[in-house]
Amino acid sequence: MTNPPGDVLRGTLDLLILRTLQQSSLHGWAIGQRIQEISKDALRIGQGSLYPALQRLEEKGWVTSDWRTTEENRRAKFYSLTRSGRHALEKETESWRQYVEAVDLILRFA
Amino acid sequence: MSARQLADRIVDWTTGHLRQLRTIARKRATERELDEELAYHIELETRKNVAAGMSPVEARRAALVEFGGVERYKEEVRQRRWVRVIEDGVADLHYSIRMLRRQPALTLAVVTTLALGIGGTGAVFKVVDALFFRPPAGVVEPERVLRLLIVRDSGGIQTADGGPGSNIDYQALRGRHTGFASIAAYLYPRELDLGRGAEAERVTGSVVSENFLQLLGVRPALGRFFLPEEDSVEDRNPVVVISYGFWTRHFGRDPAVLGRGLLLNDRMLTVIGVTDEEFTGIDARRVDVWIPTAMAAPLGLMWKGWRDMPGMAAVDFIGRLAPDVVASAATSEAATALRLSAENHPMLDPTPGVIHASLIPARGPHRSAAANLSLWLALVAAMTLVVACANVANLPYVSVQPLAVQVERDVRPFRIGSMLFSVFGVISITLAAVGLYGVLAFFVTERTLEIGIRRSLGASVRSLISLVLRQAMLPVTAGLVLGLAAAFGGTRFLGSLLFGVKARDPISFLAAAALLIAVATIAALIPARRATRVDPAIAMRAE
């Protein structure tokens with residue numbers, strides 16, 4: 001299965017969202033925006049996967065959401081990381097690094 | 001994972017799910033929130049596009065295209081919810097009902113299997129309950145009524161573990177004062193022919209001493225019960241008492257039944273009374289007609305003059321304890337009465353004993369064959385459930401990995417259909433085996449007496465067993481032929497529903513048929529062997 005360029009693998013998406021929320025709470029659009037900016041437009045979150053992913057993470061208890069008012073006085077749903085979300089982020093980051101390293105080893109030496 | 005982490009996880013997981021539960025409760029509100037969240041997203045996206053130089057209309061269209069249609073994503077978000085599970089359940093139910101309505105044959109099969117499964121299991125447990133936990137219905141103070149068993153270690157009758165006695169024993173027990181207010185005799189219920197010619201049918205009759213019904217506290221719903229003089233001289237008073245159920249079935253509860261004739265085993269008996277509605281006998285079998293002991297021989301149920309034969313040990317006893325008498329005192333007095341009587345009958349054990357058992361059919365030292373059978377049935381019924389559950393758990397399609405949503409949806413009805421059929425298949429084959437065993441074993445056990453008579457006439461054990469087997473296999477073979485024919489026709493259209501089962505899967509059919517034949521053979525063989533081992537000479541020896 002090949003992904004269209006810029007598409008994000010499902011498991012990775014969760015990791016990216018968790019990492020984005022590590023510093024501050026954000027609403028949905030901002031999460032997608034942040035990922036796109038930091039990856040220099042290389043990663044675009046299909047918004048269709050973003051909201052289901054947020055829902056999924058909320059179900060797992062890794063993120064929590066609440067309605068807040070934005071600077072421009074609009075109501076928006078903000079997502080933030082829970083404590084177990086932080087633990088999960090650490091673990092996922094670790095296993096992602098191992099995975100990349102392993103794939104890299106194979107690409108170089110196999 | 002540290003304890004702290006674990007605690008965090010539990011708290012977060014719980015609050016996450018509590019929120020989901022709340023979601024179900026306020027689904028509409030959540031729906032609005034989702035709308036709002038997505039609308040805001042599109043608004044921000046549009047603004048971004050405008051900032052990048054698009055016209056407002058273009059910018060919004062681009063945002064929507066990027067989004068791929070609001071509704072589609074709303075649907076995908078909803079998909080994540082428990083709400084979805086419930087909504088899908090309802091939708092699946094509707095689908096199933098439509099499917100069943102379109103395919104009446106399938107509906108019939110499912111309904112029949114369900115009915116058999118539930119009915120069969122229910123019936124088994126009902127029998128166990130009745131045999132092991134409840135005294136017979138319609139008996140007054142059943143805890144004061146005991147079954148009496150006579151223990152004889154030597155002589156012409158040997159019942160070392162306690163067993164039936166003769167009518168002579170009965171006379172001895174009644175003739176002396178014991179701690180029992182009264183003692184009654186009865187013969188285990190037997191099949192009788194009712195009527196003659198084309199209309200003849202089988203009914204269940206029990207031979208009882210005249211005081212049997214009064215002892216139990218049964219009241220007549222109509223008429224009266226036997227008088228002592230009606231049970232004194234053999235063949236003088238051809239009278240019969242019928243059960244309430246029999247009265248209802250055969251006479252539509254017509255009060256004019258009293259005085260009418262009933263042709264039983266080719267003898268005309270006069271109906272004198274009807275038992276009350278609750279009472280159906282004290283054994284597992286429902287009794288239709290009650291016959292006094294004086295009519296047992298005329299109806300061909302016993303040898304002529306059996307009541308005067310001390311070795312004719314075919315009578316069971318019940319006794320109602322007199323007020324303030326304990327069972328052990330009453331039985332030892334009864335044993336004394338039998339000992340005195342034994343002085344006149346040198347062929348019998350000179351020191352007989354009496355033991356007692358509860359009136360509850362299956363309790364006491366001797367469980368009836370029916371009670372043992374019902375225990376086995378209950379065990380197998382329980383196993384059926386376990387096997388069915390295990391089977392469901394092992395079905396490959398239960399653990400389908402996440403597929404594309406659309407595929408999942410297309411497949412779901414078939415998964416449910418094939419799962420149902422597998423479960424029903426397991427249940428029905430097991431029930432078939434259980435039912436077959438029950439019917440055959442009971443059928444053969446019932447014929448113990450007949451087998452004993454054939455033995456005494458010189459039939460060999462081998463020929464008797466082969467006779468019983470041949471007779472038992474006839475209906476089994478017929479049933480298998482019919483069943484296989486139906487199964488071949490049936491699986492043709494089931495083949496399209498069941499994954500992994502070809503339309504004609506000879507292995508499955510052969511396995512099922514072999515299983516049923518094996519069960520049938522065992523069911524016939526075990527009781528047949530037991531019946532041939534009964535010493536047919538016991539009755540003759542005392543002559």
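The chains referred to below are lettered A, B, ... by the order of the sequence lines, with proteins before strands, and numbering in each begins at 1. Since this is a predicted model, take the numbers as computed values, not measurements.
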For a 4.5 angstrom cut-off between non-hydrogen side-chain atoms, does A:Q33 reach B:K48? yes
Passes side chain to side chain contact (heavy atoms under 4.5 Å, CB included), A:W67 versus B:E36? Steps please. CA-CA 11 Å; A:W67 288 87; B:E36 192 180 341; 3.7 Å; yes
Could you tell me whether B:E43 and A:R74 make a salt bridge, using a distance below 4.0 angstrom between a side-chain N and a carboxylate O? yes
Which region of A:R75, side chain (C-beta onward) or backbone (N, CA, C, O), has a non-hydrogen atom less than 4.5 Å from a non-hydrogen atom of chain B, or is it both or neither? both
Euclidean distance, B:E37 CD relative to A:L54 CG, rounded to 0.5 Å: 7.0 Å
Evaluation steps, side chain to side chain contact (heavy atoms under 4.5 Å, CB included), between A:T70 and B:Y40: CA-CA 11 Å; A:T70 63; B:Y40 185 53; 3.4 Å; yes
Does atom CD (A:E72) have a neighbourhood of more than 12 heavy atoms from anything else shown, all under 6.0 Å? yes
